[in-house]
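So the structure is just underneath, and the comments pick up after that.
The chains referred to below are lettered A, B, ... by the order of the sequence lines, with proteins before strands, and numbering in each begins at 1.
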Amino acid sequence: MTPVLDVKNLSTHFMTRRGVLKAVDDVSFTVGQREIVGLVGESGSGKSITGFSILGLVDPPGRVVSGQILFNGEDLLKMPPTAMRTIRGKRIAMIFQDPMMTLNPVLSVGTQMVETVLAHDKVSRAEARQRSRDALGLVGIPSPEERLDSYPHQFSGGMRQRVAIAIALLHRPDLIIADEPTTALDVTIQSQILFEIKRLAGEFGMALIWISHDLGVVAALADRIMVMYAGKIVEAGQVDGVLTEPRHPYTSGLLSAVPAAVPRGEPLRPIPGFAPSPLSRPSGCAFRDRCARATEICATEPMLEIAADREFRCFHPHLGRAA
Amino acid sequence: MTTALIEAVDVSRRFSRKLDYAEKIANLFGAGLEEKTVHAVDEVNLAVYPGEVVGLVGESGCGKSTLGRVMAGIMPTSGGEVRWQGKALTSLEGAEKRSMRLSAQMIFQDPMSTLNPRKKVIDLIGEAPKVHGIVKGREMRDYVASLAERVGLDATYLDRYPHQFSGGQRQRIGIARALAVKPKLLVCDESVAALDVSIQAQILNLFMDLKREFGLTYLFISHDLGVVKHICDRVVVMYLGRVVESATPDELFDNPKHPYTQALIRELPSVTDRRRVFTPIKGEIPSPLHPPPGCHFHPRCPMAFDRCRVERPALKQNSAGHVSACHLNDLPANEIKNVAAEPAI
Ligand SMILES: Nc1ncnc2c1ncn2[C@@H]1O[C@H](COP(=O)(O)OP(=O)(O)OP(=O)(O)O)[C@@H](O)[C@H]1O
Ligand SMILES: Nc1ncnc2c1ncn2[C@@H]1O[C@H](COP(=O)(O)OP(=O)(O)OP(=O)(O)O)[C@@H](O)[C@H]1O
Ligand code: SF4
Ligand code: SF4
Ligand SMILES: [Mg+2]
Ligand SMILES: [Mg+2]
């Protein structure tokens with residue numbers, strides 16, 4: 001079966017005054033039909049920019065400088081802008097990290113949703129409104145009919161996030177890129193939305209890229225997980241395997257940093273040091289200044305190791321269960 | 001007994017949507033449309049003592065951010081009063097008022113909506129401490145750089161604008177900005193939600209250090225119960241505008257009393273326990289536009305009985321430092337089982 005999405009050697013750079021910022025640096029991955037892929041990683045590692053690149057939303061001074069993005073076999077990077085507009089919203093939808101990127105503050109939520117429906121489908125206004133109301137209900141917005149007339153600022157933070165999710169679901173796209181869509185939601189609503197999304201993914205054959213910092217959510221939702229650090233995917237594989245037996249030291253560092261890893265009230269264990277500035281990353285493995293396992297060879301670029309169901313970039317991976 | 005640093009006394013906050021022109025005309029013809037009022041916060045009492053970390057959790061839309069804003073003194077109440085070191089905020093004047101304004105800082109949930117897009121980071125963080133004489137103009141850059149370092153922001157970024165940052169970087173700008181004026185109280189609204197767990201750990205350690213070093217006090221709003229459990233001295237649970245339970249984290253997580261709290265804890269996702277099935281709370285999420293009568297949770301509560309549908313449960317003490325608002329508190333333990341056995345209607 002061809003994957004819905006096949007990203008090959010994608011690089012997206014920002015040409016800043018201080019130099020070239022490699023936000024996404026030679027990233028390759030695939031997303032199969034109905035597959036849910038979790039994308040986690042360091043803040044600033046390029047997760048959102050990867051999503052923007054797929055949708056053709058990178059603005060200057062940023063630019064996709066190389067690679068291919070095959071969507072159902074077609075290269076999105078070669079597609080004319082008009083064709084791209086049809087795909088965006090209709091067949092690939094993005095739920096942005098900041099819901100105010102989706103929502104226009106001066107229009108009521110209902111107007112925005114109805115316009116979104118009408119942009120791609122020839123249906124009556126009444127039908128478009130009906131669909132909008134159903135979508136709001138699906139993500140657990142109470143009194144959806146009345147809420148259609150509300151403006152974004154009249155919603156709580158989590159409700160705005162849910163409206164953004166509802167908008168993405170309006171056209172039942174083939175692929176949804178969800179950028180931390182549930183960070184502001186309490187666990188009961190989060191689990192309701194995860195439940196609905198999983199159901200929809202199965203029923204309508206939607207595939208999902210789920211960007212999140214919450215390893216618990218990714219563990220519960222995703223089939224596969226990819227871990228990004230400094231513009232690169234440093235580890236990828238089945239969720240179970242990666243979270244219980246991480247190979248890459250960055251992944252295992254993340255797992256040790258969660259609050260549950262230390263007794264209550266004790267200092268948490270962040271990964272020592274800081275992420276390198278993307279303008280001056282060390283040569284070779286970008287993690288080496290912070291890595292307890294680093295040796296001289298790490299100053300050269302670690303190649304992608306592919307072993308049964310797991311990929312990673314590291315010269316000295318953890319083997320067996322992580323400590 | 002020490003005075004609370006900040007205290008909400010019977011605080012309510014309502015938002016009403018006025019009828020628009022067309023609706024007013026419709027009413028002339030007898031449409032009977034009413035103003036819609038959201039009871040975002042409904043008679044809440046909450047005291048936060050110096051050096052305490054109080055967690056505020058609850059369903060999305062239950063009024064946490066609104067209560068946070070009201071307690072930070074940046075949004076007026078519609079009923080009740082907020083007291084700063086024992087004095088009503090509305091009675092503060094002059095220097096006292098200015099000092100409170102500076103001492104209570106809020107870190108907002110949507111960093112983008114509160115950062116002026118036309119200002120560079122150096123000014124976003126450094127302007128207030130300069131204006132208030134906390135640093136001298138020529139020391140400002142060093143001061144901001146040291147704050148940036150503490151929250152893990154690269155000091156070479158200081159001359160950039162907010163849109164050039166990733167989501168988590170923006171959140172850290174908001175944190176540095178609040179810390180820059182040396183507050184006594186920090187209201188943190190989902191302040192670590194957009195950070196990867198390593199940076200999150202770093203910021204939480206920073207918060208705990210500041211508490212130890214300077215006795216900083218926190219109202220910590222978060223949906224992340226793992227984080228709340230770890231750093232808070234006390235956790236307050238809200239449901240639809242009201243406080244329904246409050247206890248120490250150990251008590252709350254081991255021995256939750258309110259059925260909503262019990263559901264929250266049951267749904268907690270974790271890395272080790274991989275659940276593939278989700279069991280969301282049944283029933284429609286109630287609307288703050290039409291809150292259900294009696295106990296707000298009754299339409300979804302598996303334990304609800306007749307009294308719940310008519311009478312609002314008061315907060316009662318379950319044990320020292322543990323209070324909850326549920327009618328089950330008045331029933332002997334053996335009868336609770338009987339109630340639970342009846343199917344909820
Ligand atoms: N418009 C821009 N100009 C310059 N640099 C940018 C711009 N937008 C993003 N960047 C940089 O690109 C890098 C990747 O950003 P991205 O938003 O993809 O991070 P992220 O992984 O989504 O992080 P987070 O988890 O914090 O949201 C960051 O270092 C960021 O500072
Ligand atoms: N400016 C406003 N105008 C009208 N209604 C508002 C306004 N601000 C908040 N509300 C309403 O008040 C209620 C509480 O909102 P609040 O933002 O306090 O919730 P919250 O608990 O912080 O939720 P979340 O976890 O989703 O951020 C919501 O129903 C919201 O729609
Ligand atoms: S390649 Fe070397 S520095 Fe990089 S993660 Fe592996 S051991 Fe550490
Ligand atoms: S008062 Fe009644 S409805 Fe409310 S939580 Fe308790 S048992 Fe449930
Ligand atoms: Mg991002
Ligand atoms: Mg909020």
* Residue part contacting chain B, namely of A/Pro272, when any heavy atom lies under 4.5 Å -> neither
* Contact part of A/Ile49 toward chain B, heavy-atom cut-off under 4.5 Å: side chain, backbone, both or neither? -> neither
* **Residue pair A/Pro270 / B/Ser198: nearest heavy atoms and the distance that separates them** => CB-O, 3.3 Å
* To do: Could you look at B/Glu149 and say if it's the side chain, the backbone, both or neither that has a heavy atom under 4.5 Å from chain A?
  => both
* Heavy-atom distance under 4.5 Å to chain B: side chain of A/Arg290, backbone, both or neither? -> side chain
* Which portion of B/Cys232 sits near chain A, non-hydrogen atoms under 4.5 angstrom -> backbone
* Asked: Is A/Ser43 reaching over with its side chain to a backbone N or O of B/Asp196, donor-acceptor style, under 3.5 angstrom?
  -> no
* **Per-residue contact mode, A/Tyr151 against chain B (heavy atom under 4.5 angstrom)** => neither
* To do: Tell me, for A/Pro105 versus chain B, whether the close heavy atoms (under 4.5 Å) come from the side chain, the backbone, both or neither.
  => neither
* Asked: Taking A/Gly265, A/Gly46, A/Gly44 one by one, which has the highest count of heavy-atom pairs under 4.5 Å against chain B?
  -> A/Gly265
* **Region of A/Val40 that comes under 4.5 Å of a non-hydrogen atom in chain B** => neither
* **Inter-chain contacts: residues 226-235 of chain A against chain B, heavy atoms under 4.5 Å** => none
* With A/Thr16 via side chain to side chain donor-acceptor pair (under 3.5 Å) - residues at least two apart -> none
* Structure fact -> Rounded to the nearest 0.5 angstrom, the CD-CG distance for A/Glu266 and B/Asn205 is 11.0 Å
* In terms of heavy-atom pairs under 4.5 Å with chain A, which of B/Gly63, B/Cys62, B/Gly58, B/Ser222 leads? -> B/Gly58
* Pull out the residues in residues 155-163 of chain B that come under 4.5 Å of chain A, heavy atom to heavy atom, sorted by number. => B/Thr156, B/Tyr157, B/Arg160
* Asked: Is there a side-chain contact between A/Arg162 and B/Ser60, using heavy atoms and a 4.5 Å cut-off?
  -> yes
* Asked: Within the side chain of A/Arg264, is there an N or O that forms a donor-acceptor pair under 3.5 Å with the backbone of B/Ile231?
  -> no
* To do: Quick one: do B/Val197 and A/His213 satisfy side chain to side chain contact (heavy atoms under 4.5 Å, CB included)? Show the steps, please.
  => CA-CA 7 Å; B/Val197 283; A/His213 288 302; 5.6 Å; no
* Asked: Who are the salt bridge (charged side-chain N to carboxylate O under 4.0 Å, His left out) partners of B/Arg172, not counting sequence neighbours?
  -> none
* To do: State, with a plain yes or no, whether a side-chain heavy atom of B/Gln202 is found less than 4.5 Å away from one of A/Ile271.
  => no
